[in-house]
Each structure stands twice: as structure tokens, then as C-alpha cells.
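Presented below is the structure to which this report refers.
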Number of protein chains: 2
Amino acid sequence: MTAQLLSASRPRERIIETASRLFFRQGYCATGINQIISESGVAKASFYAHFPSKELLAIAWLEQREERWIQQLKERIAQCPSIDKRVAAMYSLWGDQIRNEGYRGCGFINMAGEFSNEESPIRALVRDHKDRVRHIIANDVLSEYQPRMKPSDFDELVNAIYSLFDGAIIQAQNFMQDWPIDSALKASLKLLSQSLPEEG
Amino acid sequence: MTAQLLSASRPRERIIETASRLFFRQGYCATGINQIISESGVAKASFYAHFPSKELLAIAWLEQREERWIQQLKERIAQCPSIDKRVAAMYSLWGDQIRNEGYRGCGFINMAGEFSNEESPIRALVRDHKDRVRHIIANDVLSEYQPRMKPSDFDELVNAIYSLFDGAIIQAQNFMQDWPIDSALKASLKLLSQSLPEEG
DNA sequence: CCTTGAACAGACAGGTCTGTCTATATATTT
DNA sequence: AAATATATAGACAGACCTGTCTGTTCAAGG
């Protein structure tokens, strides 16, 4: 049983692992506290001892997901010598993830959709995440193009690649297929190839 | 009062108008039947006489939204003589819409996020919608490029522009700003400009 | 041995949800 | 005028939700 496997770790970890799976697969609203505690094999009192509310659990989950995802992304691109390879690595990371996770798309975007109040801490967290990814694209993936381009052109290039990336995630989720990822990668490389005035 | 204004039309229309506003602004789960009937000034029995369930109301709403959106898109692009202008019209339609509707993104994508079951009729509706938009891009917006390009290249171009489009919507929603739309339009035109072997 | 802390089980309160039902009013048609 | 269709108001059932509370078990440390 799942509970058997999970019982090795401590309650707080079991709760987050279960919540991660359920929030991501079913959505936040559709997942109740009762299901979380029953599937993580934890008493209700223990749950509320660790997380004062369902929303704070969601925040803890997103923070953990954020940390792990950013770390994986940085690891993968750090091993790539060229811009093209780093862009490809970014897409392949996402391709691997979406296949493993059953084409459920981006956990942050999905959560943002369920929290319509833009002042909500969840929404702030999602904005921070997306900003951080954008900065990684600009500073770690495309960095060496920055001094060789007009600043506004560089910004547009970053925006374009980032929109392609998010759009591909949405469409892969929608159609439950991989081709949007591949297409977006190809388009990104095409945009890159015509971004420098002197072609090298 | 809103109910005053709405009372001009018949109950079924009042219900759909209200549901459209509430589902879109608050989300499907977060909107209850009781709020819908009270804000549309309709008795509960009347509601269930017109719509057997909440989900069927959502489907009726999405179908109406689909029809109106596709019609608007076709109208706008029909008036444009060149490819570039048609692509720009597509983005400007969305820009107008997102500003009017308060940066709540795409109603279809948002709904798909709340229905995790891929077999759900809602999910099927969203897939159909996205497919239809993709066909319009291929057959009405970029049509005259089709015979002048290698079929696989043409497909990739359509995919790329479509991913840019969806990504821009997501990011405009996330940041509640317009610049992702502008950036995606610029990138789309850039991709177009290098898609023909002989440049005209 | 005994105390303390952390986990357990599960009843409970108070609220919300969807959907059904009864009963009344109004408007149109025959 | 009578009959029929369609609207109204709102109580109600039954399920589910979050979060609180009581009480039990168990293991580690003084």
C-alpha cells in the first residue's frame, strides 16, 4: 500500500507528498482535507498541528515544488556549453516532467486558475515563480546574447521564448501529447538563430 | 441593479449571462448555484427547469462563448488583406478582450484546469475549441503560405504561432499586464518573415 | 517508574453545496 | 372564463467541507 511506503517518513513529509500528488492531479478545490489525511495515514489533529489550514499546506507544497524545479533546471542547463543546448535542455526537462506526471501541466498555472483573487498569497507565489523562471532564461540560458543585442531586442527574445514555453505546456496538457514541446523548441531555436546581427 | 438590467431578457438568457460572468471571474468550483440564481433573479426551480445540472450550464456557457469568439475572430481577420495584418488582428482581438474582462485569461483553459478528468465533456469541449482555433490559424490566417512552404514547415509555423498565442494569454493573466501579447505578436511576425525561402 | 510530547482515532459543530419539492402567482392560449 | 405553461419563493434532504475537540496509545528521557 501507499500508506505503507509513506509511513517510513515523518507525518509532515507524508502530508506534503500526498498533498503534492492530490492537489496536482485533482486540483485544489476538488481535494479535501479528509482525503489528504486518510491517504497519507495521518490523524486529523496531527495534520492541523503541522499545517494551520488547507491553504497554508498548498503554499508549503508550492514552495517545495518551486525549490526543486528551479534546482533541476539550473542543474540541467549548467551542463550545457551552448545556448542552443541550454534551450533544448529546458524543454527536455519539461518534457520529462510532463510525461512522468501525466500531462497535468504546470502546477503553478493550475493553482493560479483556482485562485481568482489576485491579492491571494498563492497568486503572489505563482507570479514570483514565473518571474524567477524568466530571470533564469535571461541570465543563465541566453546570457551571452545579452551584451551582443540591443537591450529591447533581448527582452523581446526572452519574452518570446518564455511565451513559447508556457504555451507549449498548456497545449501539451490540453492535448495530452508531446508535440507542442517539440514545436516550441524548434521555434525557439529559429528565433535565436536570427537574433544576432552577425551570424556566427 | 444588475437584476433590473437583466430582467429585460428571459430567464434562460439571464442565467447564462450571470453564469458567464461568475464562472469566468470566480471559477467553476468557487461559484455556487445559489449565487447564480440570486444574481440572475431567477427561482431555483426555474433554473433546474432550464439546466438539469451545474455542469450542463457550464457546457452551455462554453458553447456560447466558443461560438461568439470564433465569429469575432473570423470577422476581424476577414477584413485584413495581408498575413501580417491578420496575425496582428488575432492578437489585438485578444488584447481587447483581456482588458475588458479583467485579465482572467482564457475561459476554456481555466475550465480545463478545474476538470482533471480528461474524459469529461468539458475537457472534450476545450480540446475542440483549441483545435478549431488552430484550424483557423492554418486555413484563414496563414492560408496563402501553405502552398509556398514544405508541409511540415508549415505545420511547425502554425504550432509555433499558436503556442505563442496561448503562452501570451497565460502570462498576461498571470502578470495582469499587456506586454506578453505585444511580445508574442512581434515574435510571431518575426517567425513569419523568415518562413518563405524567397523573401517578398 | 513516571512524565512529557507526539502521534493516533474519530465524534462533532457549523457551514456550504447540489438538487428536489411544495405551493403560489402570472401570463398566454383556447 | 378556463386551462395550461412558466415563472416565482423558499423549505428541505443529504452529502460534503473545514476546522475543533476529546480522549487514547506509545515511545523517549529524566
Side-chain angles (χ1 to χ4, degrees), chain A residues 1-62 111 114-117 120-122, chain B residues 1-62 111 114-117 120-122:
Chain A
M1 289 303 295
T2 310
Q4 198 74 4
L5 283 170
L6 287 169
S7 62
S9 51
R10 299 170 63 245
R12 190 174 200 280
E13 276 64 45
R14 272 183 283 160
I15 294 168
I16 288 209
E17 293 300 317
T18 307
S20 168
R21 180 168 46 86
L22 295 180
F23 282 158
F24 190 63
R25 284 201 196 157
Q26 308 179 346
Y28 175 81
C29 279
T31 301
I33 292 292
N34 292 325
Q35 190 186 6
I36 294 176
I37 64 169
S38 104
E39 293 199 18
S40 54
V42 153
K44 199 173 246 193
S46 309
F47 172 83
Y48 280 101
H50 288 290
F51 301 98
S53 75
K54 184 184 175 184
E55 185 168 329
L56 287 172
L57 168 62
I59 290 175
W61 162 53
L62 285 181
M111 286 293 279
E114 292 201 61
F115 285 78
S116 56
N117 175 16
S120 145
I122 300 272
Chain B
M1 290 302 295
T2 311
Q4 198 73 5
L5 283 171
L6 288 169
S7 62
S9 50
R10 298 169 65 244
R12 192 175 199 279
E13 275 65 45
R14 273 183 284 160
I15 294 169
I16 288 210
E17 293 300 317
T18 307
S20 168
R21 180 168 45 85
L22 295 180
F23 282 158
F24 189 62
R25 285 200 195 156
Q26 307 178 348
Y28 176 81
C29 278
T31 301
I33 292 292
N34 292 325
Q35 189 185 8
I36 293 176
I37 63 170
S38 103
E39 293 198 19
S40 55
V42 154
K44 198 174 246 194
S46 308
F47 171 84
Y48 279 101
H50 289 287
F51 302 97
S53 75
K54 184 184 175 184
E55 185 168 329
L56 287 172
L57 169 62
I59 289 175
W61 162 53
L62 286 181
M111 286 295 280
E114 293 200 60
F115 286 77
S116 57
N117 175 16
S120 147
I122 301 271

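Residue numbering restarts at 1 for every chain, and letters A, B, ... go by the order of the sequence lines.
- The interatomic distance linking L57(B) (CG) with dG19(C) (C1') rounds to 14 Å, in whole Å.
- Across the protein-nucleic acid pair, I33(B) atom CD1 and dT18(C) atom P stand 5 Å apart, rounded to whole Å.
- Here dC17(C) presents its P atom at 13 Å from OH of Y28(B), a figure rounded to the nearest Å.
- Rounding to the nearest 0.5 Å places CE of M111(A) at 8.0 Å from OG of S120(A).
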Return all side-chain donor-acceptor pairs below 3.5 angstrom for residues 22-34 of chain B, not counting sequence neighbours, or 'none' if the list is empty.
| residue | atom | partner | partner atom | Å |
| --- | --- | --- | --- | --- |
| Q26(B) | OE1 | T31(B) | OG1 | 3.0 |
| Y28(B) | OH | E55(B) | N | 3.3 |
| T31(B) | OG1 | L22(B) | O | 3.3 |
| T31(B) | OG1 | G27(B) | O | 2.7 |
| N34(B) | OD1 | K44(B) | NZ | 2.9 |

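- The shortest distance between the side-chain N/O atoms of R14(A) and the OP1/OP2 oxygens of dC8(C) is below 4.0 Å.
- The distance from the CD1 atom of I37(A) to the OG1 atom of T18(A) is 11.0 Å, given to the nearest 0.5 Å.
- Residue P11(B) has its side chain nearest to dA7(D) when only dA7(C), dA7(D), dT18(C) are considered.
- Residues G41(A) and R14(A) approach most closely at O-NH1, 2.9 Å, considering heavy atoms.
- Formation of a donor-acceptor pair under 3.5 Å by the R12(B) side chain with backbone atoms of H50(B) is not found in this model.
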Legend entry - Worked check of side chain to side chain contact (heavy atoms under 4.5 Å, CB included) between I36(B) and L57(B): CA-CA 11 Å; I36(B) 293 176; L57(B) 169 62; 3.9 Å; yes
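- When distances run from any side-chain atom of N34(A) to the nucleotides dT8(D), dT18(D), dA7(C), the shortest one goes to dT18(D).
- Nucleotide dA6(C) holds its P atom 15 Å from the CZ atom of F51(A), rounded to whole Å.
- dC17(C) atom P lies 18 Å from atom CD of E55(B), rounded to whole Å.
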Protein-proximity profile, nucleotides 20-26 of chain C, B/S/- by nucleotide at the 4.0 Å heavy-atom cutoff, equals BB-----
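- Side-chain N/O atoms of H50(A) include none lying less than 4.0 angstrom from OP1 or OP2 on dA6(C).
- In this structure, F47(B) atom CZ and dT8(D) atom P are separated by 13 Å, rounded to whole Å.
- The distance from atom NZ of K54(B) to atom C1' of dG19(C) is 12 Å, rounded to the nearest whole Å.
- As rounded to whole Å, 9 Å separates atom P of dT6(D) from atom CZ of R10(B).
- Scanning all heavy atoms of the two residues, the minimum distance from S53(B) to Y48(B) falls at CA-CE2, 4.3 Å.
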Its dot-bracket string being built from Watson-Crick and G-U pairs below 3.5 Å, with | for another strand and [ ] for crossing, DNA chain D has the pattern ||||||||||||||||||||||||||||||
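- Of all non-hydrogen atoms in F47(B) and V42(B), the two that sit nearest each other are N-CG1, 3.8 Å.
- If you take CZ on R21(A) and OG on S40(A), they are separated by 9.0 Å, rounding to the nearest 0.5 Å.
- When the side-chain nitrogen and oxygen atoms of S46(A) are compared with OP1 and OP2 of dC8(C), one or more of them lie within a distance under 4.0 Å.
- Residue S53(A) has its side chain nearest to dG19(D) when only dT8(D), dG19(D), dG19(C) are considered.
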